[in-house]
2 protein chains.
Amino acid sequence: MLESPTTDRRSARREGTKAEILDAAWALVREHGLAALSLRDLAARVGMRAPSLYQYFESKHAIYDAMFGQAAQESLDAIMGERPDGSTREAIGAVAHRMFDFATSDAVRAQLLFQRTIPGFEPSPATYAPAVELVARVRHLFSDHGIRTDTAFDLFRAVVGGLVNQQLANDPGGDQYGRLVDPSVDMFLAYVSPNKKGKK
Amino acid sequence: MLESPTTDRRSARREGTKAEILDAAWALVREHGLAALSLRDLAARVGMRAPSLYQYFESKHAIYDAMFGQAAQESLDAIMGERPDGSTREAIGAVAHRMFDFATSDAVRAQLLFQRTIPGFEPSPATYAPAVELVARVRHLFSDHGIRTDTAFDLFRAVVGGLVNQQLANDPGGDQYGRLVDPSVDMFLAYVSPNKKGKK
DNA sequence: GTCTATAGTTTGATAGAC
DNA sequence: GTCTATCAAACTATAGAC
């Protein structure tokens with residue numbers, strides 16, 4: 001690759017501006033809702049006019065796609081960036097808590113990641129990749145702890161997802177359902193590996 | 001109340017037209033998505049022009065509100081219209097299945113009922129009432145079967161809601177997660193009333 | 001009770017000057 | 001690379017004729 005210093009600096013600045021636009025987009029959707037993002041508002045917040053955004057993103061959906069990619073990468077880092085160690089109870093409990101905390105700490109991010117609420121938008125395979133990787137890693141962890149059936153794995157995801165749901169729907173911004181994470185993990189483990197019930 | 005036959009007939013016809021409009025609205029949102037409902041399309045489907053709808057509903061949100069009310073009443077009827085009898089396992093299993101089937105059989109209805117995805121819309125207390133009644137009745141049933149803590153009740157709702165979530169998000173229109181309803185109920189009951197584990 | 005006409009916004013996106 | 005100007009379209013809602 002031959003790249004002049006000028007090109008380097010230019011592309012670095014370009015990436016910086018893209019990041020600035022995305023930050024502003026997150027701020028706006030947290031303020032007015034995911035569907036209410038408008039290019040005029042977004043441009044105004046970064047000190048531009050709307051048409052200038054097209055120098056950085058080819059469409060509004062491309063901005064949503066980039067936001068989705070950031071959120072997916074954050075989920076991978078937050079949940080499986082560090083591999084949880086310790087006993088089965090400790091490792092799986094840690095994953096459950098990380099999932100719950102990640103999903104409930106930013107309702108709009110969760111809406112973008114886990115619901116399909118923007119008409120016509122679907123994340124591209126590239127931006128979706130970290131989400132796939134996350135599932136694969138969690139499954140691997142479960143496998144290392146002897147939980148290998150699809151049923152058990154799906155059940156775990158349903159339980160944690162259910163807690164997140166209730167939290168976001170009934171007590172957004174609160175932590176009312178966080179107290180149910182540990183009981184849920186106990187309930188789950190007692191069901192899928194009853195023989196290890198007494199282990200600490 | 002003094003009402004002439006003319007008034008009766010007129011109001012009956014009016015209610016009929018309102019019902020027709022709501023039916024058309026459900027058809028449209030199932031086709032194009034909940035947020036994509038437009039008054040022009042809706043009017044066209046019932047053979048009117050958009051302004052005429054204002055004779056029946058005072059705003060677009062009023063239409064969403066009426067739809068929410070229908071859905072809430074349907075949920076009450078489908079889940080607790082008939083009181084589930086039999087053993088604890090049978091009664092609670094029946095409730096879980098009815099909840100799962102109701103919520104997964106119509107994704108758009110579930111979106112309207114359980115997510116707040118329409119900007120600026122919140123159901124009025126009157127239309128919300130059947131949903132409150134449903135929760136009260138399920139809680140009463142649980143109480144009759146000896147399950148009286150908020151924790152247990154919240155856990156049950158989270159588990160069933162989680163299954164619904166997974167179903168709608170990962171396999172919309174399918175029935176992949178229906179097979180997890182019974183295991184989930186077993187898991188839940190084993191956790192909240194372990195002493196009754198052996199009962200059939 | 002339905003219509004036409006239209007107000008009044010807002011939207012995403014493009015063309016072309018500078 | 002940012003701007004002005006503008007397009008073309010969509011939307012909810014209202015006024016007033018019939």
Side-chain angles (χ1 to χ4, degrees), chain A residues 3-22 24-25 28-29 31-68 112 117-122 124, chain B residues 3-22 24-25 28-29 31-68 112 117-122 124:
Chain A
E3 282 188 4
S4 73
T6 303
T7 306
D8 282 354
R9 232 180 295 126
R10 196 178 293 162
S11 84
R13 181 184 171 96
R14 192 182 140 83
E15 289 309 307
T17 306
K18 286 185 76 162
E20 206 179 323
I21 291 170
L22 291 178
L28 279 174
V29 296
E31 202 168 333
H32 301 117
L34 197 57
L37 180 66
S38 92
L39 297 185
R40 277 175 172 75
D41 292 349
L42 177 55
R45 195 175 259 258
V46 293
M48 283 179 182
R49 305 292 183 155
S52 302
L53 294 174
Y54 287 83
Q55 295 292 326
Y56 302 95
F57 297 96
E58 68 178 359
S59 72
K60 187 184 180 181
H61 277 6
I63 295 175
Y64 280 130
D65 200 50
M67 294 169 76
F68 188 99
L112 178 61
T117 178
I118 302 166
F121 168 69
E122 286 205 32
S124 63
Chain B
E3 282 188 3
S4 72
T6 304
T7 307
D8 282 355
R9 231 181 297 124
R10 197 177 292 162
S11 85
R13 182 184 168 96
R14 192 183 140 83
E15 289 309 307
T17 306
K18 285 183 77 162
E20 205 180 323
I21 291 170
L22 290 178
L28 278 175
V29 296
E31 202 168 333
H32 301 116
L34 196 57
L37 180 67
S38 92
L39 297 186
R40 275 177 172 74
D41 292 349
L42 177 55
R45 194 175 262 256
V46 293
M48 283 180 181
R49 303 294 180 151
S52 303
L53 293 175
Y54 287 83
Q55 296 291 326
Y56 303 95
F57 297 95
E58 68 178 0
S59 71
K60 187 184 180 181
H61 277 6
I63 296 174
Y64 280 130
D65 200 50
M67 294 169 76
F68 187 99
L112 178 60
T117 178
I118 302 166
F121 168 68
E122 286 204 34
S124 63

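Remember, predicted model here, so these are calculated numbers, not experimental data. Per chain, numbering begins at 1; letters A, B, ... match sequence-line order. Computation of the quantities below employed the complete heavy-atom set of this structure, encompassing side-chain atoms and omitting hydrogens, waters and symmetry-equivalent molecules.
- Every residue two or more places apart in sequence or in another chain was checked for a side chain to side chain donor-acceptor pair (under 3.5 Å) with B:Thr17, and none qualifies.
- Atom CZ of B:Arg14 has more than 12 heavy atoms from other residues, nucleotides or ligands within 6.0 Å.
- Taking a 6.0 Å sphere around CD of B:Glu31, one finds it holds more than 12 heavy atoms contributed by other residues, nucleotides or ligands.
- Within 4.0 Å (heavy atoms only), A:Leu37 reaches sugar-phosphate atoms of the nucleic acid but no base atom.
- Salt bridge status for A:Glu20 with A:Arg13: absent, with no side-chain N to carboxylate O gap under 4.0 Å.
- Contact annotation: B:Ser52 side-chain N/O to C:dG1 OP1/OP2 distance is not under 4.0 Å.
- Listed nucleotides: C:dG1, D:dT2, D:dC11. Nearest to the side chain of A:Gln55: D:dT2.
- For B:Lys18 and C:dT2, the NZ to P distance is 14 Å, given to the nearest whole Å.
- Among the nucleotides D:dC3, D:dG1, C:dT4, the one closest to the side chain of B:Arg49 is C:dT4.
- Atom OH of A:Tyr56 is separated from atom P of C:dA13 by 18 Å (rounded to the nearest Å).
- The distance between atom CD of A:Glu15 and atom P of D:dG1, rounded to the nearest whole Å, is 11 Å.
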Under 3.5 Å between N/O atoms: give me all the protein pairs with nucleotides 13-17 of chain D, atom names plus distance.
unit_1: D:dA13; atom_1: OP2; unit_2: B:Tyr54; atom_2: OH; d: 2.7
unit_1: D:dA13; atom_1: OP2; unit_2: B:Lys60; atom_2: N; d: 3.1
unit_1: D:dA13; atom_1: O5'; unit_2: B:Tyr54; atom_2: OH; d: 3.0

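- At whole-Å resolution of the value, CG in A:Leu53 and C1' in D:dC3 are 13 Å apart.
- Following rounding to the nearest Å, B:His32 (NE2) and D:dC11 (C1') show an atom-to-atom distance of 16 Å.
- Environment of CD in B:Glu122: sparse, with no more than 12 heavy atoms of neighbouring residues, nucleotides or ligands closer than 6.0 Å.
- If A:Ala36 and B:Gly47 are placed on DNA chain C by their nearest nucleotide, the residue sitting closer to the 5' end is B:Gly47.
- Per the geometry, CG belonging to A:Leu42 stands 16 Å off C1' belonging to C:dT10, to the nearest Å.
- Taking each heavy atom of A:Ile21 and A:Leu42 in turn, the nearest pair found is O-CD1, 3.5 Å.
- The residue A:Phe57 sits apart from the nucleic acid: no heavy atom pair falls under 4.0 Å.
- Using cut-offs of 30° and 60° on the angle between ring planes, the pair A:Phe121 and A:His61 is perpendicular.
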